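Remember, predicted model here, so these are calculated numbers, not experimental data. Values below: all heavy atoms of this structure, side chains included; hydrogens, waters and symmetry mates excluded.
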Amino acid sequence: MPPHVDVVIVFRAIQKGTSFSKEQVRQNAVKAEKQYSKLIDTLTRAGLKAVGRRGESQGQLLVMVTCPQNVLANLIRCERNSDFLYGLPMSKMPSTNEYESAPLSTADRIRLVHGFISSTPEDRGLGIIPGRKEWDLVESVMVLHDHDFNDHWIRLWTRHRIANVELEKIRDQFGDSVALYFFFLTAYTRALIFPAALGAIFYLCGNPYSALYSTLLLLWSIVFVEWWRLQERILSVRWCTRGSWRVEKRRVDHLPSFPWWKQETRMMAGLPVILLFATILAVILTGIFVLEAFVTQLYKGPGHRYVAFAPTILFSLLVPRLLAMYQKHATSFTDWENHEHQSSHSSSLALKVFTLSAMNAYLGLALSAFVYVPFGESVMHFVQSHLFTGGHRALALLEKFNINFNATSHLGAGGSAGKTVSAAGLSIWESDRSNARRKLNSSRLQEQMFAFTVTNQVVDTFTEIGLPYVLRAVESFRNGKGFRNNNGKGHGKKKRVAFDDEPVGHDAHGREEREFLERVRSEVALPEYDVFTDYSEMVTQFGYVALWSTIWPLAPVMALLNNYIEARSDAFKIAMHTRRPIPVRTDTIGPWLESLSFLTWLSALTNSALVYLFRPPQQEHELGTAMNANVTEESQHLNHHRPNGLAATRELLMSALLIAMLASHGYLVMRVVVRHLLNRAIWIGSKEMKEAEHVEREMKEKYLSSLGQCVPGENVILEMSDEKDEWANFWTIDEGMDDIGKMVKDA
């Protein structure tokens, strides 16, 4: 059995990938020696056991830390007292003799020890925080995986059920935050069964853009979001985490004397930056959309088959870099806002980042739905005319510099034959308007939905599961170790690298220690796990289902199939490809609940507009651009040269906007009704509601009892006082019963 290690502190004595002079090397060595000695001294003076071992790379030290039982008991006592003072529901009330024998899960033990080491001295911690000025050589404070649990977790996937895999055991291993995510993923996956069945029925019946399907889908979205809001409350009572933000440790960068209005001002100051990046992203995505949907369709010059890849190349080069740059600025602005707790900091950052992520996910569909499909011919003609205008200007500029090309005779833009133009000028663009119109893709929306709900999800699964194996194998090969996976579970024979700190000998204890150190070094090389990415992926998928599945009703079916695999792929990622998550107490999924509510409201607008614009007339079941039987072909397209066409377009858009606004008000009414009914059906009178009220009353009664006060509901009998009273005879004569007796006799 390997030694028990609660926490591993990664210490970097030599900066990786940098070259220094001899004097700088000496100064860095002196600094590393002082800081390392201070680190070990701080840990041991706090009662912890700590020892250093060499890491995988030169200059890396791994400090193993374990917490003795007496120190752990004191940490439990402090936390329970804090929970009691701040009114958190508790499974056990503070007392003087429960701490040594109190049940404590693995996640709670890790959370207490990790919090004690990495929290500020103001929160009774040691203040060993990576990146802090006095601990700038500390890279991270991490915990090790329980591989026995991970192996058991993976084996359970073979069973024919959704991988909720005993959520209580997940919570005992990884804490409330990870368990809450898997509970949400399981609940959301099961909730997708209804829209998946509904979508399959409407898809097979061949009734596109159905008002009934859109209404039922909106109702499902509202019910799921409001139901999950109550589930959070129930779980927080069941897990004793309701109101856990009250006892959350403070961030090291927080300034306590910072006025609240300055924080609000700084939060408002970040809005122009968000709007700037959102505008840039919208311009880039719109430009790529026009290039892909119109320009590449009109181009017929040399290499026209390869020009179709230009939008994808531009998207890959521009959008990820812009989003990475924005995330860097968003992180800086969120740090500048001076949040007291990590939960509020994470919520603010998540809202900033998800805003642009959602725009990147949904803007292409919005442009196709509300620009390409209804007005594609007008936009094609507009782009075509500008391309030819640009071609004439370029031809004139070339002729100005006496640059001539071979002339050819072909059909011009007006369809007339025999007109001589430059081969380098107009012949590379489609000149016939009718041919250009035929190049419009009437099934573009369905193809996009298939790409987003099927192709992208397959790519994301490979990115989570397969790509880390490839990257680790490449990195291992570059380091001269051959192809191997640095996850501590590699197979086959591999050449080991001996370390001076490893025990010498062939005894079983020595081999076990070497294997343990090898596993620790491999886990240190793994990236940290961030639940933000998993939540973002699920909320984005919910947006595709709620906002756009009216276009392709099979989208919920694809989402259901994906999530059946997603639960297993996320678990596999945690167990094999990332460090063990640091357990965190939480009672909510944070900003993602508000994101779900916003997407539900937005779905009321998009679904009503899609149904109004694209629903075919009665007894017509062909998907396409038919918007209304009474609307003529001219009024369906933008035409600035014909007033009637512009007026018809304006009337169409205003009608769609009006219907969307009415649907928005209908959503608000429907949400109030659903929230009231679910609250009465699920929360009021539930076991969790009674438990919450009982715990709150119990804490207050315990406080009153500690003061020697009477607790309401108790029968208190006090002995009569023996003090002397000159009116004592007055209190001993009662004439009431005598008068009542006389009244009875007289009657």
Side-chain angles (χ1 to χ4, degrees), residues 177-178 180-182 184-185 187-188 221 224-225 228-229 232 266-282 284-285 315 318-337 339 341-367 452-453 456-457 459-460 463-464 528-548 555 559 562-563 566 570 573 584 586 588-606:
S177 179
V178 176
L180 192 61
Y181 165 71
F182 277 95
F184 169 79
L185 177 58
Y188 169 56
S221 303
F224 172 73
V225 173
W228 175 255
R229 196 184 302 273
E232 280 189 347
R266 290 187 175 185
M267 294 175 69
M268 295 298 295
L271 290 178
V273 179
I274 298 176
L275 293 176
L276 175 62
F277 276 93
T279 303
I280 296 174
L281 179 62
I284 292 176
L285 292 178
F315 183 89
L318 297 178
V319 175
R321 292 188 180 183
L322 179 66
L323 292 178
M325 186 186 305
Y326 169 74
Q327 186 164 1
K328 182 178 179 181
H329 283 80
T331 303
S332 301
F333 267 96
T334 308
D335 294 339
W336 184 56
E337 291 170 359
H339 291 275
H341 299 124
Q342 186 61 38
S343 60
S344 60
H345 179 276
S346 300
S347 297
S348 179
L349 180 61
L351 287 175
K352 292 184 180 70
V353 174
F354 185 71
T355 300
L356 258 69
S357 298
M359 180 181 294
N360 179 41
Y362 306 137
L363 185 58
L365 279 169
L367 290 172
F452 287 131
T453 57
N456 284 6
Q457 291 181 153
V459 173
D460 290 340
T463 303
E464 289 183 351
E528 294 183 357
Y529 172 74
D530 187 5
V531 75
F532 170 87
T533 305
D534 293 332
Y535 272 124
S536 178
E537 186 177 349
M538 287 298 101
V539 174
T540 302
Q541 185 198 83
F542 175 85
Y544 283 126
V545 173
L547 272 69
W548 306 107
N562 173 80
N563 288 5
E566 183 70 23
D570 287 341
K573 177 180 64 176
V584 177
T586 183
T588 177
I589 62 175
W592 303 111
L593 181 58
E594 301 306 321
S595 299
L596 291 172
S597 299
F598 174 76
L599 290 175
T600 304
W601 168 79
L602 193 61
S603 69
L605 277 66
T606 58

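For the pair Ile274 and Leu356, the tightest heavy-atom approach, listed with the atom from each and the gap, is O-CD1, 4.3 Å. Tyr535 and Leu180 get closest at one heavy-atom pair: OH-C, 3.8 Å. Trp228 and Ala187 get closest at one heavy-atom pair: CZ3-CB, 4.3 Å. Shown here for Ala269 and Trp336, the closest heavy-atom pair between the two residues is CB-CZ3, 4.0 Å. Of all heavy-atom pairs between Arg229 and Ser597, the closest is NH2-OG, 3.1 Å. For Thr600 against Ser221, the heavy-atom pair with the smallest separation is CG2-CB, 3.7 Å.
Proximity of a side-chain donor or acceptor of Tyr362 to a complementary backbone N or O of Trp548 within less than 3.5 Å is not detected. No donor-acceptor pair closer than 3.5 Å links the side chain of Ser536 to the backbone N or O of Phe532. Between the side chain of Tyr326 and the backbone N or O of Lys352, at least one donor-acceptor pair lies under 3.5 Å. Proximity of a side-chain donor or acceptor of Ser347 to a complementary backbone N or O of Ser344 within less than 3.5 Å is not detected.
Atom OG1 of Thr540 is separated from atom CG of Asn360 by 9.5 Å, given to the nearest 0.5 angstrom. Between Thr279 atom OG1 and Met359 atom CE the span is 7.5 Å, to the nearest 0.5 Å. The distance from atom CZ of Phe315 to atom CG of Leu322, rounded to the nearest 0.5 Å, is 10.5 Å. Distance CG/Leu323 to CG/Leu281: 6.0 Å, rounded to 0.5 Å. With rounding to the nearest 0.5 Å, the separation of CG in Leu596 from CD1 in Ile589 is 5.5 Å. Note: Leu365 CG to Leu547 CG = 9.5 Å, rounded to the nearest 0.5 Å.
In this structure, Trp601 and Phe598 have tilted ring planes: the angle between them lies in the 30° to 60° band.
A ring-centre distance under 6.0 Å is found for Phe354 and Trp592.
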Q. Going through the checks in order, is the side chain to side chain contact (heavy atoms under 4.5 Å, CB included) test met by Val584 and Gln342?
A. CA-CA 10 Å; Val584 177; Gln342 186 61 38; over 6 Å; no
Q: Take Glu566 and Glu537 through the side chain to side chain contact (heavy atoms under 4.5 Å, CB included) test and state the conclusion after the steps.
A: CA-CA 10 Å; Glu566 183 70 23; Glu537 186 177 349; 3.3 Å; yes
Q: Apply side-chain hydrogen bond (donor to acceptor under 3.5 Å, both in side chains) to the pair Ser332 and Lys328, showing each step before the final yes or no.
A: CA-CA 6 Å; Ser332 301; Lys328 182 178 179 181; over 6 Å; no
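Evaluated for a side chain to side chain donor-acceptor pair (under 3.5 Å) with His345, the options Asp335, Thr331, Thr334 yield exactly one hit, Asp335.
At most 12 non-hydrogen atoms from other residues, nucleotides or ligands lie less than 6.0 angstrom from NE2 of His329.
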